[in-house]
Amino acid sequence: MKSNFSQVALFGKYQALASGASSASSRDALLDIAQFLHTLGCEVVFETETAGNMSITGYPVLGIPAIGKNCDLGLVVGGDGTMLGIGRQLAPYNVPLIGINQGRLGFITDIRFNSFAAALAPMLRGEYDEDHRSLMQAKVMRDGRCVFDAVAMNDVVVNRGATSGMVELRVEVDGHFVSNQRADGLIIATPTGSSAYALSAGGPLLHPSIPGWVLVPIAPHTLSNRPIVLSNASEIAIEVVAGRDASASFDMQSLASLLHGDRIVVTRSRHQVRFLHPKGWTYFDTLRQKLHWNQGVA
C-alpha cells in the first residue's frame, strides 16, 4: 500500500558503531531501507553528511534546512546519540522522526533493524503513535554576556575537572536561591534524559508526558543533597563558585569550559521533537526491554 509520507529523509551513523559494526554495514542498512521506502512510493533523500561520508549515490542529497522545509518524515538509523543530534537540528521544522536502532540501548530509537519492514509498513500508512519530547535551551553567561549557547534533548551537565577535587555550585530556580552544592557535578535532565546519565547518578525516571526536569547532584559531599523534580517552566541557574577546570556539556555532544562566576542558565526551548512509534507502543514497553525488568519473574 502507498505511503502517507511523500518525501522521506534518511540519516545514518556513518562512524564505526560502538557495537562493532562497520560503517559499510551501516551503509548497506541505509540502502536496504531506502529501497524499501521506494517500493512504497516514497521519494527518498539522504542527509548531506550521511551521503558524503558513506559514499551513497543515486539519491537526492539535502542539508538539514532543506530537509526541514521539504520532507515530511525523517528516518534515523543508528543509536540514541545519532537521534539526539538529528532531533535537536530538526525540532524547529516540526518534522516527525522514526528511529531504527543500530546502537546499543535504543531508548529513543526503538525499532530493531532486523524487523524494520514489518514495523515501518503500517506506520507509513498512518498507523502510529506520536509523542513529543521537550528540549532545553542553555546559555553560559560570563560578566553579563552569553559566551556559549546550545540546545539539549537529554541533559545539561556541569562537571568538575578531570584531575581536581569537587566543584562548588550555587543553584537558583526562578531567581530564588536553592542551595550551594559541593559535588563532582550537577545534572539537569529532561524526561528523555532521565534514563541516561541522571539515572546512573541516582535520579528518578520521568515519564515523557511529565512537564518537568530532574536536578541530580553527582556524588554530593552532603548526602542530604538529593535529586529534585522541577517544573520545566522554571529557569534554572547554576553558578560556578569554586573548583578548577569545570565544564558544561550539552547532551554530551558539545562542551564549554567554565570560569569562576560563570552562570549556566537553562530554560525550556519553544521547540519540541516529534517521535513516531509503532501503534500500541508505550514508554513502559521500552523500560521493560531496555532495563530488563521482570526477567526471572514467573
Side-chain angles (χ1 to χ4, degrees), residues 5-15 17-18 23 26-27 29-30 33-34 37 42-54 56 59-103 105-111 130-140 146 148-157 188-193 196-197 208 232 248-256 266-277:
F5 299 95
S6 59
Q7 192 168 44
V8 180
L10 277 175
F11 304 84
K13 179 177 181 178
Y14 44 80
Q15 301 89 350
L17 299 175
S23 58
S26 297
R27 179 180 184 275
L30 282 165
I33 294 169
L37 294 171
C42 299
E43 180 183 351
V44 178
V45 303
F46 276 84
E47 180 264 336
T48 302
E49 293 296 319
T50 299
N53 285 278
M54 302 182 81
I56 291 174
Y59 289 92
V61 174
L62 295 177
I64 293 290
I67 287 173
K69 293 175 183 177
N70 296 291
C71 295
D72 46 15
L73 178 67
L75 281 181
V76 180
V77 184
D80 285 351
T82 308
M83 179 64 93
L84 288 173
I86 300 305
R88 290 193 305 267
Q89 294 179 77
L90 277 182
Y93 302 99
N94 204 35
V95 175
L97 298 172
I98 295 176
I100 299 176
N101 185 24
Q102 271 203 315
L105 283 176
F107 275 95
I108 53 178
T109 49
D110 51 11
I111 295 176
E130 180 171 346
D131 78 305
H132 295 178
R133 302 298 179 96
S134 61
L135 296 171
M136 294 185 289
Q137 181 71 52
K139 297 181 179 181
V140 177
C146 178
F148 190 90
D149 68 272
V151 174
M153 191 193 308
N154 258 1
D155 48 37
V156 175
V157 181
I188 307 171
T190 66
T192 302
Y197 191 10
N232 68 6
S249 64
F250 310 87
D251 281 351
M252 303 297 173
Q253 295 182 345
S254 56
L255 186 71
V266 179
T267 56
R268 181 178 59 200
S269 170
R270 61 190 180 93
H271 302 299
Q272 292 183 317
V273 180
R274 295 173 61 195
F275 287 143
L276 305 186
H277 305 284

Checklist entry - Taking all atoms of both residues into account, what is the closest heavy-atom pair of Gly12 and Leu30, and its distance? => result CA-CD1, 3.9 Å
Item to check | Results of ring-ring contact (aromatic ring centres under 6.0 Å, His included) for Tyr59 - residues two or more places apart only | outcome: Phe46
Item to check | Expected output: side-chain Thr190 to main-chain Asn154 donor-acceptor under 3.5 Å | outcome: yes
Checklist entry - What are the two closest non-hydrogen atoms of Val156 and Ala138, and how far apart are they? => result CG2-CB, 3.9 Å
Item to check | Derivation of the side chain to side chain contact (heavy atoms under 4.5 Å, CB included) call for Val76 and Ile108 | outcome: CA-CA 10 Å; Val76 180; Ile108 53 178; over 6 Å; no
Checklist entry - Is there a donor-acceptor pair closer than 3.5 Å between any side-chain N or O of Thr48 and the backbone N or O of Leu62? => result yes
Next on the checklist: Tell me every residue that passes side-chain hydrogen bond (donor to acceptor under 3.5 Å, both in side chains) with Asp110, counting only those two or more places apart in sequence or in another chain.
Outcome noted: His277, Trp281
Next on the checklist: With rounding to the nearest 0.5 angstrom, report the OH to CG distance, Tyr93 to Asn70.
Outcome noted: 10.5 Å
Item to check | side-chain contact (heavy atoms from CB on, under 4.5 Å) partners of Thr267, counting only residues at least two apart | outcome: Gln137, Glu235
Next on the checklist: Has Asp155 got a side-chain atom pairing as donor or acceptor with Gly193's backbone, closer than 3.5 angstrom?
Outcome noted: no
Checklist outcome for this item: Taken in chain and number order and not counting sequence neighbours, the residues that satisfy side-chain contact (heavy atoms from CB on, under 4.5 Å) with Ala150 are Phe148, Phe250, Ser254
Checklist entry - Are Val61 and Ile56 close enough that some pair of their side-chain heavy atoms sits under 4.5 Å apart? => result no
Checklist outcome for this item: Those residues at least two apart in sequence (or on a different chain) that pass side-chain hydrogen bond (donor to acceptor under 3.5 Å, both in side chains) with Thr192 are Arg133
Item to check | Non-neighbouring partners of Arg274 that pass side-chain hydrogen bond (donor to acceptor under 3.5 Å, both in side chains), sequence neighbours left out | outcome: Glu130
Next on the checklist: Which residues pass the side-chain contact (heavy atoms from CB on, under 4.5 Å) test with Ala9, not counting sequence neighbours?
Outcome noted: Phe11, Val45, Ile67, Cys71
Checklist entry - Below 4.5 Å, heavy atoms only, C-beta onward: do Thr109 and Thr82 meet side chain to side chain? => result no
Next on the checklist: Would you compute the distance between atom CG of Leu75 and atom CG of Leu276 and round it to the nearest 0.5 angstrom?
Outcome noted: 9.0 Å
Checklist entry - Which distance, rounded to the nearest 0.5 Å, do you find between the CG of Leu135 and the NE2 of His271? => result 8.5 Å
Next on the checklist: Arg88: which residues meet the side-chain hydrogen bond (donor to acceptor under 3.5 Å, both in side chains) condition with it, sequence neighbours left out?
Outcome noted: Asp251, Gln253
Checklist entry - Going by heavy atoms in the side chains, are Met54 and Ser26 under 4.5 Å from each other? => result yes
Checklist outcome for this item: dist Leu37:CG -> Gln7:CD (nearest 0.5 Å) comes out at 12.0 Å
Item to check | Beyond-backbone contact of Thr50 with Leu10, side-chain heavy atoms, under 4.5 angstrom | outcome: no
